Amino acid sequence: MKVKVDELVCEANAVCVGLAPEVFDVDEEDQLHILLPEVPQEMADRVRHAVRSCPKAALSLEE
Ligand code: SF4
């Protein structure tokens with residue numbers, strides 16, 4: 001499973017970081033980084049939850 005962000009839509013509010021900090025990070029310049037674009041199987045459920053929880057719907061999955 002892969003996770004991607006639409007950087008034009010993301011507002012760097014870090015909801016996803018709170019739900020899956022191993023996968024998402026927001027830097028000091030309010031830029032979201034995807035640390036693990038290829039999501040490990042054991043994190044898949046949490047990443048799916050983070051994708052659904054993004055208030056801007058900026059995240060998408062490729063199964
Ligand atoms: S939850 Fe959505 S808007 Fe917020 S930092 Fe993550 S991708 Fe960006």
Side-chain angles (χ1 to χ4, degrees):
M1 188 176 90
K2 289 184 186 171
V3 62
K4 290 192 297 190
V5 63
D6 183 338
E7 289 172 7
L8 297 176
V9 177
C10 172
E11 63 175 16
N13 55 39
V15 172
C16 57
V17 180
L19 294 170
E22 304 92 336
V23 177
F24 304 104
D25 184 46
V26 171
D27 68 20
E28 293 114 41
E29 280 153 20
D30 279 352
Q31 179 73 42
L32 178 74
H33 298 281
I34 298 190
L35 307 174
L36 292 172
E38 191 77 51
V39 179
Q41 191 58 43
E42 65 271 21
M43 292 178 195
D45 283 348
R46 275 200 298 132
V47 170
R48 281 193 196 97
H49 179 53
V51 169
R52 284 195 303 267
S53 301
C54 172
K56 302 295 288 181
L59 296 171
S60 59
L61 291 176
E62 241 173 64
E63 299 279 348

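None of the values given here were measured: they were computed from a predicted structure. We count ligands from 1, going down the list as the structure has it; atoms in each ligand are counted the same way. Just so you know, residue 1 is the first one in the sequence shown, and it goes up from there.
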Can you sort out which atoms of ligand 1 are near C10, meaning under 4.0 Å from one of its heavy atoms?
3 (S), 5 (S), 7 (S), 8 (Fe)

If I compare all heavy atoms of V17 with all of V26, which pair ends up nearest, and what's the gap?
CG2-CG2, 3.7 Å

Considering only non-hydrogen protein atoms, determine which one is nearest to atom 4 (Fe) of ligand 1 and report residue, atom name and distance to 0.1 Å.
N13 OD1, 2.2 Å

What atoms in ligand 1 come closer than 4.0 Å to a heavy atom of A14?
4 (Fe), 5 (S)

Identify, by atom number and element, the atoms of ligand 1 in contact range of C16, meaning under 4.0 Å from any of its heavy atoms.
1 (S), 5 (S), 6 (Fe), 7 (S)

Tell me whether the count of non-hydrogen atoms from other residues, nucleotides or ligands lying under 6.0 Å of CD in E42 goes above 12.
yes

Can you tell me how far the CD atom of E63 sits from the CZ atom of R48, to the nearest 0.5 Å?
4.5 Å

Which bit of L59 gets closer than 4.0 Å to ligand 1, counting heavy atoms only: side chain, backbone, both or neither?
side chain

How far is atom 2 (Fe) of ligand 1 from the closest protein heavy atom, and which atom is that?
C54 SG, 2.2 Å

SB check E22 R46 (cutoff 4.0 Å)
yes

May I ask you to list the atoms of ligand 1 that are less than 4.0 angstrom from any heavy atom of L32?
7 (S)

Report the part of A12 in contact with ligand 1, treating N, CA, C, O as backbone and CB onward as side chain, heavy atoms under 4.0 Å; options are side chain, backbone, both, neither.
backbone

Distance col, row F24:CZ vs L36:CG, nearest 0.5 angstrom, shows 9.5 Å

Here the gap from D25 atom CG to H33 atom NE2, rounded to the nearest 0.5 Å, amounts to 6.5 Å

